[in-house]
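As a basis for the values below, the full set of heavy atoms in this structure was taken, side chains included, without hydrogen atoms, waters or symmetry mates. Each ligand, and each atom within it, is numbered from 1 in the order the structure gives.
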Amino acid sequence: MNNITENIRILKEELPDKVKLVAVSKTKTVEDIMLAYNAGQRVFGENRVQELMSKYEHVPGDVQWHMIGHLQRNKVKYLAGFIHMIESVDSNNLLRTINKEARKSGRIIDCLLQFHIASEETKYGFSIKEAEGLIETGILDELDNVNIRGVMGMATFTDDMDKVRSEFVYLKSVFDKLKQTWFLNNDHFTEISMGMSGDYKIAVDEGSTMVRLGTLIFGERYCKIDNN
Ligand SMILES: *Cc1c(COP(=O)(O)O)cnc(C)c1O
């Protein structure tokens with residue numbers, strides 16, 4: 001058995017049933033993706049539109065693609081026809097653009113609101129204040145072609161696991177607050193996407209429903225890429 005197949009098998013066994021696995025295939029080949037696919041994996045994540053599109057064309061149609069990186073509004077149109085979930089919604093304008101392009105494609109697109117939970121300034125995302133301000137405008141009733149499924153966040157890149165844990169606890173509290181205030185009767189608002197290869201166990205402890213794992217499945221990435 002090759003490593004990718006084995007890694008998928010181990011992770012599926014280890015992760016609790018309620019935690020979905022997003023296989024982050026950025027910088028990896030279609031051959032690597034197909035090894036994971038043949039091991040039963042169907043959900044894949046990419047952080048760049050062009051790379052996502054070129055892979056989309058070469059894999060079976062039941063692959064579910066998640067966009068997990070910062071998304072420019074002028075590129076939404078390329079994804080709108082097929083993307084399964086956009087995890088990195090970080091502005092009002094982006095959400096409106098997704099709605100518009102989804103409508104043109106006759107689709108309703110699942111989205112997560114990305115929150116800024118890390119101390120690095122480079123990580124995108126809403127603050128809780130910004131997100132509440134947005135929701136208070138009534139935008140969610142207005143946008144019929146987006147389905148807000150929950151929240152997403154990236155912890156600080158650090159060895160300080162107490163810090164990482166406290167950031168995940170914070171994201172869970174953000175989810176709970178939004179759920180209580182605006183989504184109580186919404187059965188779709190269920191997802192907390194947190195946890196990467198170095199910290200997913202902590203994330204799962206703290207309530208993650210979706211982990212995004214690249215290195216742990218596909219091995220190290222050798223080319224320099226920007227993680228945002
Ligand atoms: C690259 C990336 C991941 C996966 O990172 P690993 O440490 O390789 O598991 C998860 N989430 C986002 C947003 C990423 O850009």
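Residue pairs meeting the salt bridge (charged side-chain N to carboxylate O under 4.0 Å, His left out) criterion with at least one partner in residues 170-186, sequence neighbours excluded, are E132-K177, K172-D176.
Here is the list of ligand 1 atoms found below 4.0 Å of a heavy atom in I68: 11 (N), 12 (C), 13 (C), 14 (C). For ligand 1, the atoms closer than 4.0 angstrom to any heavy atom of L213 are 9 (O). Against a heavy-atom cut-off of under 4.0 Å, S197 is close to the following atoms of ligand 1: 6 (P), 7 (O), 8 (O), 9 (O). Set against the non-hydrogen atoms of G214, the atoms of ligand 1 under 4.0 Å away are 4 (C), 6 (P), 8 (O), 9 (O).
Between E87 and ligand 1 there is no heavy-atom distance shorter than 4.0 Å.
Here D144 does not pair with R103 in a salt bridge; the nearest charged N to carboxylate O distance is not below 4.0 Å. Contact check on R149 versus E191 returns a salt bridge, with a Lys/Arg side-chain nitrogen under 4.0 Å from an Asp/Glu carboxylate oxygen. A salt bridge between R165 and D199 is absent, with no side-chain N of the basic residue lying under 4.0 Å from a carboxylate O of the acidic one. By the 4.0 Å N-to-carboxylate-O rule, E51 lies too far from K26 to be salt-bridged with it.
Between M152 and ligand 1, not a single N/O pair is under 3.5 Å apart.
Between atom 2 (C) of ligand 1 and the options R212, M196, K26, the minimum heavy-atom separation is to K26. For atom 8 (O) of ligand 1, the nearest non-hydrogen atom from the set N47, V22, V211, T215 belongs to T215.
K163 meets the side-chain hydrogen bond (donor to acceptor under 3.5 Å, both in side chains) test with S119, E167; sequence neighbours excluded.
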